[in-house]
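Please read all numbers here as calculations on a predicted model, not as lab measurements. Just the heavy atoms: all of them, side chains too, but no hydrogens, waters or symmetry mates, feed the values below.
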Amino acid sequence: MADTQRQTPEKIPRPVAFEMWFKPVVENARQPNFSPLRGDKNVSREYLSRKQLEAEIRKKKRDLQKKARLAARNQHTKHVKALADLQSKVAEEKHKQKMEIYEENKNALDKALQDRLTAKDEHIKEVKANNQVMVEIQSKIAEEKLNQKMMQSLVKTESMRKAQREKFDAQKKKTMEVLHNAQEITEQNCKITEEKIQKKMETSMENRKSYLQSLKERVHEKNSNVEQKRNTLDEILNLQKKMQEENHQQKMEKYGLNRDAFFKKRKEQLDAHFKHVKKVSSLAKERKMRLHQG
């Protein structure tokens with residue numbers, strides 16, 4: 001009895017099944033005599049009352065042992081339920097803290113990403129503005145160089161015309177002096193000289209006209225070359241500007257695609273994490289319900 005009282009609920013012996021074999025019925029078998037009056041001679045009323053009292057005491061002891069085992073079992077069940085409730089509460093608190101930390105980290109990451117994207121957009125705008133300013137400055141510089149070259153060409157042309165005019169005046173003055181001296185010598189020589197001079201003058205006028213015509217053609221050709229170069233430079237500048245705009249557009253499209261892919265990947269990761277969290281929460285709730293039901 002002392003050994004059975006010291007047993008914990010976990011060490012309580014389990015019930016054992018026995019098999020019973022009944023003997024076949026024998027005819028004319030001797031019936032047992034269960035009458036206490038026909039048994040042992042020492043059987044008396046005191047003996048029977050003492051046996052009955054001992055049986056009641058044993059029954060009370062068995063009842064007390066059974067109640068003690070039931071109380072120990074109930075206490076162990078309550079202890080297990082309390083531990084399960086405490087573990088569930090601790091798990092919920094940890095899960096809640098993790099979710100709060102996760103939300104804070106998520107908000108911080110989203111804010112940092114938004115700040116980086118805003119800074120990148122501002123940098124792109126600044127680069128675009130600087131490129132526009134550089135293109136305008138280069139076009140102005142090219143236009144100034146073209147104007148300077150045209151002014152230099154005009155100055156050179158004017159100086160050449162002035163030199164030709166001075167040379168022609170000097171030649172004309174010299175011719176007049178020669179004519180005057182020849183007229184004083186003889187009329188015949190004057191006529192011959194005048195005819196020669198007239199021929200020279202005509203030739204000189206023709207040469208002058210041809211030279212001026214060639215000079216005009218050269219100036220016109222030079223002006224046309226300058227205009228053609230200017231148009232070519234404008235086309236090159238426009239082409240460069242167009243290429244820069246196309247490159248900028250391609251960069252913006254690529255940046256938009258990368259940004260969409262990044263956000264999509266981030267969203268898939270968050271969805272997967274939320275699904276995992278929901279699954280863990282549902283498993284914890286099911287385990288808690290099973291513990292409460294048990």
Side-chain angles (χ1 to χ4, degrees), residues 1-26 29 31-40 42-112 263-294:
M1 289 174 62
D3 293 337
T4 56
Q5 286 178 358
R6 285 196 297 271
Q7 285 179 351
T8 59
E10 296 178 355
K11 296 181 179 180
I12 294 173
R14 299 180 180 274
V16 181
F18 295 96
E19 293 183 357
M20 297 180 67
W21 295 80
F22 294 96
K23 292 182 179 180
V25 178
V26 180
Q31 297 292 332
N33 187 8
F34 292 106
S35 176
L37 298 177
R38 296 179 184 181
D40 191 4
N42 295 325
V43 175
S44 62
R45 188 179 294 277
E46 290 81 6
Y47 178 76
L48 292 176
S49 61
R50 183 166 54 84
K51 288 290 184 181
Q52 188 177 2
L53 182 62
E54 289 178 356
E56 289 178 356
I57 291 169
R58 287 196 300 273
K59 185 179 180 182
K60 287 180 181 180
K61 286 182 179 180
R62 284 197 299 272
D63 292 337
L64 289 174
Q65 289 176 2
K66 190 182 290 184
K67 288 180 181 179
R69 286 197 298 270
L70 289 173
R73 186 177 294 175
N74 292 329
Q75 187 177 1
H76 178 68
T77 305
K78 289 180 181 178
H79 180 65
V80 170
K81 286 184 178 180
L83 287 176
D85 293 334
L86 182 60
Q87 289 178 358
S88 177
K89 288 181 181 179
V90 171
E92 286 181 357
E93 289 292 332
K94 287 183 179 180
H95 179 67
K96 188 175 180 181
Q97 290 177 1
K98 285 182 180 180
M99 289 299 294
E100 290 177 355
I101 294 169
Y102 172 74
E103 288 292 333
E104 290 178 358
N105 294 331
K106 179 186 174 184
N107 294 328
L109 287 172
D110 291 338
K111 187 177 180 181
F263 278 117
K264 185 176 180 182
K265 185 178 180 181
R266 191 66 179 171
K267 187 177 179 182
E268 289 177 356
Q269 290 177 357
L270 291 175
D271 292 338
H273 182 73
F274 280 127
K275 286 181 181 178
H276 178 68
V277 169
K278 287 182 180 178
K279 187 176 179 181
V280 171
S281 300
S282 63
L283 291 174
K285 288 181 179 178
E286 289 178 359
R287 186 175 65 183
K288 185 177 179 182
M289 289 176 68
R290 286 199 298 271
L291 289 173
H292 281 297
Q293 289 176 1

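Here Leu283 pairs with Lys279, Glu286 under the side chain to side chain contact (heavy atoms under 4.5 Å, CB included) rule; sequence neighbours left out. For Leu86, the side chain to side chain contact (heavy atoms under 4.5 Å, CB included) partners at least two apart in sequence or on another chain are Val90. Among residues two or more places apart in sequence or in another chain, the side chain to side chain contact (heavy atoms under 4.5 Å, CB included) test is passed with Phe263 by Leu113, Leu117, Arg259. Taking the side chain to side chain contact (heavy atoms under 4.5 Å, CB included) definition, one finds that Glu54 meets it with Arg50, Lys51, Arg58, sequence neighbours left out.
Taking CG of Leu70 as the reference point, atom OG1 of Thr77 lies at 10.0 Å (rounded to 0.5 Å). To the nearest 0.5 Å, atom CG of residue Asp63 and atom CD of residue Gln65 are 9.5 Å apart. Note that NZ of Lys81 and CG of Leu83 are 13.0 Å apart. Values are rounded to the nearest 0.5 Å. Remark: Asn105 CG to Asp110 CG distance equals 10.5 Å, nearest 0.5 Å. One distance of note links NE2 of His79 with CG of Asn74; it measures 14.5 Å at 0.5 Å rounding. Distance CD/Glu56 to OG/Ser49: 10.0 Å, rounded to 0.5 Å.
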Using atom types as modelled, flag every donor-acceptor pair under 3.5 Å from a side chain in residues 264-277 to any protein atom, sequence neighbours excluded.
none

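For residues 83-98, the side-chain hydrogen bond (donor to acceptor under 3.5 Å, both in side chains) pairs, not counting sequence neighbours, are Asp85-His292, His95-Ser281.
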